[in-house]
Amino acid sequence: MTQVYVEDLARHEGEEVLIQGWLYNKRSSGKVRFVLVRDGTGIVQGVVTPDADPQTFELAEHLPQESSLRVWGVVRADPRAPGGYEILVRRIEPVHIPKEPFPIGLKEHGVGFLMDHRHLWIRMRKQVPILRIRDAVFWAIRAFFKERGFVATEAPIIVGTAVEGTTTLFPLDYFGEPAYLSQSGQLYLEATCMALGRVYWIGPCFRAEKSKTRRHLTEFWMAEAEAAFLDHEGNLKLQEDLVRYIVEYVVSERRRELLELERDPEILLREVREPFARITYREAIEIIRSHGVDIAYGDDFGAPAEDALSAHFGRPVFVERYPKEVKPFYMKRDPQDPSVVLNADLIAPEGYGEIIGGSQRVDTEEELLAQLREAGLPLEPYRWYIDLRKWGSVPHSGFGLGVERTVAWITGVNHIRETIPFPRMLDRLYP
RNA sequence: UCCCCGGUAGCUCAGUUGGCAGAGCGGCCGGCUGUUAACCGGCGGGUCGGAGGUUCGAGUCCUCCCCGGGGAGCCA
């Protein structure tokens, strides 16, 4: 007897197999009973007729939703079966039969109810493909950087210094010392790239922002890369290659899941086929205004501004060279125009917002000290970071890609909370 | 922090001018030999978010509070 996963059924047509999973739903038409079994890789329909043993025939009528079970039967193709293949069931063996009804039905539920039951909601039809695509995004990132010779590294989660301003930090007590949860591993990656040349990592970031929108989490995952001897131009090229690689990888590895989510893979491929659009901040302001959004030079972009750019181009767009005032201290000034920095944000298509922020970094001690002072930051906590510019400093650049926003774009889900198993948001810490 | 919407059965919701508390789904029972969130019949199921007020009478009107959702601000 072969134990088989639902995603592999097509390779076992005609064989008797064992499927282990959970009862997703059941239907009956009198003497023909259908059990829909999910196993994490997919859902398959089992057909139970009176030819099965009497106990199995009875179970097919009365097992409650989310019973765990083992199903033995023969795989066969049938156009009436969802997915094209079904199991002619010989025997069902229950593993655990719930004593009370599963809280989440197949009909509609409200968001608050679903979020309160997130630990169970993730079993449902739409959530499983989203989380499988999330997995593919992580693998795509790792495969891309491995192919490019980047070394996987790590940054600490508990830190003593802020990357950005101090308003969005989660404070904690570190044996009596003030400490924070990391907002970004960037500063540490700048150090490791001077040791290893080209580095990346995928790690959690924590922001105590009181943002209550469909694009924000207080705990999210970022894929960050940093490379020595990489300039602004090379940085943009690297980012574009990465994003295209992720989309092509997911479309190739998770096409079935995209279709289950009714996300057209051809639309995604079309969006990344052409070179990404590239405009300066100054040009972006004009385009945003032409779409009727009120914005002044020097403003950072809100959601309406990003959406206007997104709609204007219909493909990913880099917005580069922001005024130095709206960007953090570590970005290198443009030698051609010191009022702007050598940075770029990548705006995803279809209104999914900024998915990458990156820049060339300050690489001389003098500039760094000046920019720290301009930002009104104390020098002492950044002593180690300043050290990096004292010995063998080189031009270097890097960026961070927001994993959840990328997954939201690729899957087409409206709200970022469905792109991570257990979202952490303002006013939501349970489950 | 601000603005908008909402809170009625386990879930999703309806409830007219203030006048008997409702439906669908889920659950249970029954029917149906190809169902696709199956369908058909039957049965149970209520602190109408909380407190106070107006009224002969409040799910419905008023005040305050609590909770949820959407958005803004904020946000590599």
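Naming convention: chains lettered A, B, ... in sequence-line order (proteins, then strands); numbering from 1 in each chain. The figures here come from the full heavy-atom set of this structure, side chains too, leaving out hydrogens, waters and symmetry mates.
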* How would you label the contact of A:Gly358 with the nucleic acid (heavy atoms, under 4.0 Å): base, sugar-phosphate, or nothing? -> nothing
* Asked: When we call it a touch if two heavy atoms are under 4.0 Å apart, what does A:Gly110 touch: a base, just sugar-phosphate, or nothing?
  -> sugar-phosphate
* With heavy atoms under 4.0 Å as the rule, sort A:Asp78 into base, sugar-phosphate or nothing. => base
* Under 3.5 Å donor-acceptor pair, A:Arg76 side-chain atoms to B:G34 base atoms -> yes
* Asked: Taking atom types as modelled, is there a side-chain donor on A:Asp345 or A:Tyr322 under 3.5 Å from an acceptor on the other?
  -> yes
* To do: Examine the side chains of A:Gln186 and A:Glu226 and answer whether a donor and an acceptor come within less than 3.5 Å of each other.
  => no
* To do: Indicate, with a heavy-atom threshold strictly under 4.0 Å, whether A:His415 touches base, sugar-phosphate, or nothing.
  => sugar-phosphate
* Could you please name the option among B:U35, B:G73, B:C11 that lies closest to any side-chain atom of A:Phe113? => B:C11
* Asked: C1' atom, B:A51 versus B:G7: distance in rounded Å?
  -> 16 Å
* From A:Arg38 CZ over to A:Met124 CE, what is the distance, rounded to the nearest 0.5 angstrom? -> 8.5 Å
* Polar side-chain contact A:Thr168-B:C75 base: donor and acceptor under 3.5 Å -> no
* Using the C1' atom in both, what is the distance from B:G22 to B:C3, to the nearest Å? -> 34 Å
* P gap between B:C64 and B:G10, integer Å -> 30 Å
* Asked: Can you find a donor-acceptor pair, distance only, under 3.5 Å between A:Ser28 side chain and B:C32 base?
  -> yes
* Does a donor on one side chain sit under 3.5 Å from an acceptor on the other, for A:Gln45 and A:Arg80? -> no
* To do: Return the 5'-most residue of the pair A:Ala81, A:Phe301 with respect to RNA chain B, ranking by each residue's nearest nucleotide.
  => A:Ala81
* How is A:Phe220 classified with respect to the nucleic acid when contacts are heavy atoms under 4.0 Å: base, sugar-phosphate, or nothing? -> base
* Let me know, please, whether A:Glu108 or A:Gln45 comes out on the 5' side of the other along RNA chain B by nearest nucleotide. => A:Glu108
* Among B:U35, B:A72, B:C25, which is the nearest nucleotide to the side chain of A:Lys107? -> B:C25
* Asked: How about A:Trp22 and A:Glu66: does a side-chain donor come under 3.5 Å of a side-chain acceptor?
  -> no
* To do: Taking only the side-chain heavy atoms of A:Lys212 (C-beta and beyond), determine which of B:G27, B:U35, B:G70 contains the nearest atom.
  => B:G70
* Asked: Can you tell which of B:A37, B:G27, B:C74 lies closest to the side chain of A:His216?
  -> B:C74
* Asked: Is any side-chain N or O of A:Gln65 under 3.5 Å from a base N or O of B:G27, one able to act as donor and the other as acceptor?
  -> no
